[in-house]
Amino acid sequence: MIDFIKCEILNINIEYLLNIEELEFSSRFNHRTNEIDKERLYARYKDYLITIVYERRVFIQGSIAISKNGNNHENLSHASFCEAVKELEELFNVKSNQIKLQNFEYGFSVDIGNLYPTDFIIENIIDYKGYLGDVDSYAKNGYGIQYRRDHYHFKIYDKTSQYNLDNNILRIEVRVKKMVHVKKYNIIYLKDLQNKNSWYRLKGNLLDKVEQLIICNLNNIDAFKFPKLDYLQLKTWDNPEYWRNNRPNPQNYSLGSKDSYYKHLRKRYVEIKQEFIELINKHNLDYVKKGIVEQINIEYRKCVPQLPLIEIYQSGLSDTYKLPSGIRSLDKNF
């Protein structure tokens with residue numbers, strides 16, 4: 001569940017750190033000034049980059065999943081995460097409540113098999129909370145959609161293409177850019193992420209974001225079984241560009257977001273989107289999102305097999321998800 005971390009290690013003995021056998025610190029040469037950077041020292045350990053600044057402050061960043069598992073397309077279990085944290089404690093001779101988070105990533109890699117091809121998911125996400133995402137390319141032909149907000153980035157991307165995997169792996173994650181995003185969960189230090197209750201809260205936060213996605217695809221339905229008016233309306237709305245072009249921009253109005261005509265257009269925009277969502281639900285076209293939610297819950301249970309105290313109810317989702325009648329399989333080999 002937890003992947004990338006960036007932290008400051010507080011109250012660490014710098015002399016002890018410089019003498020750790022596994023770490024080889026060096027400076028970097030500034031080609032612009034032709035000088036050696038004497039203010040920073042760097043060392044690598046597994047996937048982590050450790051930085052000493054001004055001989056006083058120490059930072060660590062990198063993928064805790066890659067450092068523990070050797071890859072980050074498999075979900076890091078809670079037990080393995082705690083083992084990885086303990087390794088850092090022993091390496092730096094500190095406690096996890098001295099390792100203060102600056103930002104981190106949480107999410108799940110889900111195996112969606114042939115039923116929900118990764119490219120189908122990516123290409124048919126209409127929007128998230130009224131925002132249209134940026135399509136990003138990743139190394140090794142990976143691609144995905146990212147919604148950049150002030151405090152966090154919500155990312156959905158293709159792990160299969162990124163790592164040439166045999167299985168169809170979709171990664172859904174949140175990158176915390178500012179810790180205020182998780183302030184209400186009392187997550188400040190790595191120690192807080194060792195608490196299973198934190199994992200439960202973060203899983204809930206991720207599912208809230210998934211629920212606010214609009215996902216729709218009309219290529220796998222039988223148009224003759226749909227009411228004509230509904231189908232024509234869905235054809236119009238099943239296009240991210242429609243929402244991009246029709247979303248009112250307050251900067252185009254003299255009074256900005258306080259402009260009465262802007263408020264009217266904004267209200268109508270929201271109403272139309274709600275009508276779109278109701279049509280999706282009416283014709284059971286939300287089965288893709290339901291399948292993703294189910295897979296996240298399954299992966300979460302693998303990562304946290306024992307219920308944390310805060311978890312007082314189960315998801316209630318079945319072990320397998322059946323396609324609604326009238327919807328053809330999305331299997332590429334069908």
Side-chain angles (χ1 to χ4, degrees), residues 116 119-136 143-157 170 172-175 177-178 180-181 184 204-293 296 323-324 326-327 330:
Y116 306 127
D119 53 356
F120 169 86
I121 301 289
I122 298 300
E123 293 169 3
N124 293 277
I125 296 177
I126 307 300
D127 87 342
Y128 164 70
K129 294 179 67 174
Y131 300 101
L132 299 167
D134 300 319
V135 177
D136 292 333
Y143 64 95
I145 292 177
Q146 184 166 191
Y147 298 91
R148 295 175 172 88
R149 312 306 308 136
D150 291 340
H151 296 158
Y152 68 92
H153 293 174
F154 181 32
K155 302 161 61 177
I156 306 163
Y157 60 99
L170 185 73
I172 305 168
E173 70 183 16
V174 174
R175 180 161 188 168
K177 301 299 293 181
K178 296 182 181 179
V180 66
H181 183 62
K184 63 182 178 181
N205 179 279
L206 182 70
L207 287 179
D208 286 344
K209 290 175 173 54
V210 172
E211 289 291 355
Q212 294 183 77
L213 286 170
I214 297 180
I215 303 176
C216 184
N217 179 273
L218 301 181
N219 295 330
N220 295 280
I221 66 174
D222 189 342
F224 294 103
K225 294 184 178 181
F226 269 69
K228 185 175 181 180
L229 184 60
D230 284 4
Y231 182 75
L232 292 176
Q233 197 66 76
L234 283 167
K235 286 290 288 184
T236 299
W237 292 337
D238 181 36
N239 181 357
E241 288 301 314
Y242 172 87
W243 303 101
R244 187 187 301 274
N245 295 334
N246 287 281
R247 184 183 182 192
N249 185 345
Q251 296 180 356
N252 296 335
Y253 301 90
S254 58
L255 297 179
S257 60
K258 296 181 180 180
D259 188 276
S260 59
Y261 189 56
Y262 164 78
K263 290 181 178 179
H264 166 74
L265 292 177
R266 177 66 183 174
K267 180 181 178 182
R268 183 58 188 144
Y269 180 84
V270 172
E271 290 173 346
I272 293 174
K273 183 166 290 186
Q274 186 58 41
E275 291 174 18
F276 181 34
I277 294 171
E278 289 173 359
L279 270 182
I280 291 174
N281 295 338
K282 175 183 176 181
H283 296 291
N284 294 324
L285 297 176
D286 60 343
Y287 64 93
V288 172
K289 185 161 68 176
K290 287 181 178 178
I292 293 174
V293 169
I296 288 175
L323 286 171
I327 307 294
L330 301 183

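One-based numbering along the sequence shown. What's counted below: heavy atoms across the whole structure, side chains too, no hydrogens, waters or symmetry copies.
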Check: Nearest 0.5 Å, what's the CZ-NZ distance between Arg149 and Lys129?
Finding: 7.5 Å
Note to self: To the closest 0.5 Å, what do you measure between CD1 (Ile214) and CD (Gln274)?
What the structure shows: 8.5 Å
Check: How would you list, by chain and number, every residue that makes a side chain to side chain donor-acceptor pair (under 3.5 Å) with Tyr152, sequence neighbours excluded?
Finding: Tyr128
Next item on the list: Please check if the side chain of Lys289 supplies one atom and the backbone of Ile215 the other of a donor-acceptor pair under 3.5 Å.
Entry: no
Item checked: Phe154 and Leu206, any side-chain heavy atoms less than 4.5 Å apart -> yes
Notebook entry, point to check: So how far is it from Arg175 CZ to His151 NE2, rounded to the nearest 0.5 Å?
Noted result: 16.0 Å
Margin query: Applying side chain to side chain donor-acceptor pair (under 3.5 Å), can you list everything that pairs with Asp230, at least two apart in sequence or on another chain?
Written below: Lys282, His283
Next item on the list: State whether the side chain of Trp243 and the backbone N or O of Trp237 hold a donor-acceptor pair below 3.5 Å, judged by distance alone.
Entry: yes
Margin query: Run Lys178 and Asp150 through salt bridge (Lys or Arg N to Asp or Glu O under 4.0 Å) and show every step you take.
Written below: CA-CA 8 Å; Lys178 296 182 181 179; Asp150 291 340; over 6 Å; no
Checklist line | Gln251 atom CD, neighbour heavy-atom count above 12 within 6.0 Å | finding: no
Margin query: Rounded at 0.5 Å granularity, tell me how far CG in Leu170 sits from CD1 in Ile156.
Written below: 7.0 Å
Next item on the list: Could you grab the distance from atom CG of Asp127 to atom CD1 of Ile145, nearest 0.5 Å is fine?
Entry: 10.0 Å
Checklist line | Min side-chain heavy-atom separation Leu213-Tyr147 under 4.5 Å | finding: yes
Next item on the list: Kindly write out the residues that satisfy side-chain contact (heavy atoms from CB on, under 4.5 Å) with Arg247, not counting sequence neighbours, or none if the list is empty.
Entry: Tyr131, Arg266, Tyr269
Next item on the list: Kindly indicate whether the side chain of Tyr157, heavy atoms from C-beta on, has any atom under 4.5 Å from the side chain of Ile172.
Entry: no
Margin query: To the nearest 0.5 Å, what is the distance between CD on Glu173 and CD on Gln146?
Written below: 8.5 Å
Item checked: Given Asp286, Leu285, Ile292, the one that forms side-chain contact (heavy atoms from CB on, under 4.5 Å) with Val288 -> Ile292
Notebook entry, point to check: Does the side chain of Pro250 come within less than 4.5 Å of Asp259's, by heavy atoms?
Noted result: no
Margin query: I'd like to know if the side chain of Asn246 reaches the main chain of Tyr242, judged simply by a donor and an acceptor atom lying under 3.5 Å from each other, with no hydrogens or angles considered.
Written below: yes
Item checked: Contact summary for Cys216 and Phe276, nearest pair of heavy atoms -> CB-CZ, 3.9 Å
